[in-house]
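Have a look at the structure below before the remarks.
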Amino acid sequence: MPPPEETQSRSYDREPIVLDGGDRRCVQLLIELRRLVDGLEPGTVVHLITGDPAAPIDLPAWCHLTGHTYLGPRPTSTRPTYAVQVRSNPRATHAHAPWHLHDT
């Protein structure tokens with residue numbers, strides 16, 4: 001397995017996975033984001049498009065909770081877009097409530 005630095009740099013060579021949240025609120029978006037990242041390789045970057053004003057607060061908090069990396073807003077987009085990088089071995093959360101950790 002390559003060192004984390006190599007995995008991280010190679011992930012930026014790939015196009016990000018885009019999750020277009022439309023008008024949905026962060027509660028629904030976090031459920032969808034959790035489902036999406038479950039099947040992605042570590043290092044993959046996800047761009048979440050959302051107009052929800054709570055996204056700049058909720059996304060970093062969710063990343064902190066789960067162990068994924070919040071990369072921040074993407075200023076080049078015409079619609080509000082935020083980037084998250086998938087990490088290996090994230091903390092497990094409930095599928096229907098991804099803001100709650102699974103009891104282990």
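Everything numeric here is computed off the predicted structure, so don't read it as measured data.
Atom OG1 of Thr93 sits about 7.0 Å away from atom NE2 of His102, to the nearest 0.5 Å. Here His68 contributes atom NE2 and Thr44 contributes atom OG1; the two are 10.5 Å apart, rounded to the nearest 0.5 Å. For the atom pair Thr69 OG1 and Arg87 CZ, the distance stands at 3.5 Å (nearest 0.5 Å). How far OG1 of Thr50 is from CG of Leu29: 4.5 Å, rounded to the nearest 0.5 Å.
Every residue meeting the side-chain contact (heavy atoms from CB on, under 4.5 Å) condition with Val18, not counting sequence neighbours, appears here in chain and number order: His47, Ile49. Qualifying side-chain contact (heavy atoms from CB on, under 4.5 Å) partners for Asp38, counting only residues two or more places apart in sequence or in other chains: Arg34. In this view, Thr66 satisfies the side-chain hydrogen bond (donor to acceptor under 3.5 Å, both in side chains) rule with no residue, not counting sequence neighbours. Partners of Arg24 by side-chain hydrogen bond (donor to acceptor under 3.5 Å, both in side chains), not counting sequence neighbours, listed by chain and number: Glu32. Annotation: ring pair (Phe, Tyr, Trp, His ring centres under 6.0 Å) contacts of His96 (sequence neighbours excluded): His94.
Between Val84 and Leu71, every side-chain heavy-atom pair lies at or beyond the 4.5 Å cut-off. A heavy-atom distance below 4.5 Å is found between the side chains of Leu40 and Val46. Asp20 places a side-chain heavy atom less than 4.5 Å from the side chain of Arg79.
Val45 and Leu33 fall into different hydrophobic clusters, where Ile, Leu, Val, Met, Phe, Trp and Tyr are joined by side-chain heavy atoms under 4.5 Å apart, directly or via other members.
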I'd like a table of donor-acceptor pairs (distance under 3.5 Å, sequence neighbours excluded) in which one partner is a side-chain atom from residues 52-64, with atom names and distances.
unit_1 : atom_1 : unit_2 : atom_2 : d
Asp52  : OD1    : Ala54  : N      : 2.8
Asp52  : OD2    : Cys26  : N      : 2.5
Trp62  : NE1    : Pro98  : O      : 3.0

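Shortest non-hydrogen contact noted between Val27 and Trp99 is CG1-CH2, 3.5 Å.
Within the structure, no pair that satisfies the salt bridge (Lys or Arg N to Asp or Glu O under 4.0 Å) test touches residues 62-71, not counting sequence neighbours.
At most 12 heavy atoms of other shown residues, nucleotides or ligands fall within 6.0 angstrom of atom CD in Glu41.
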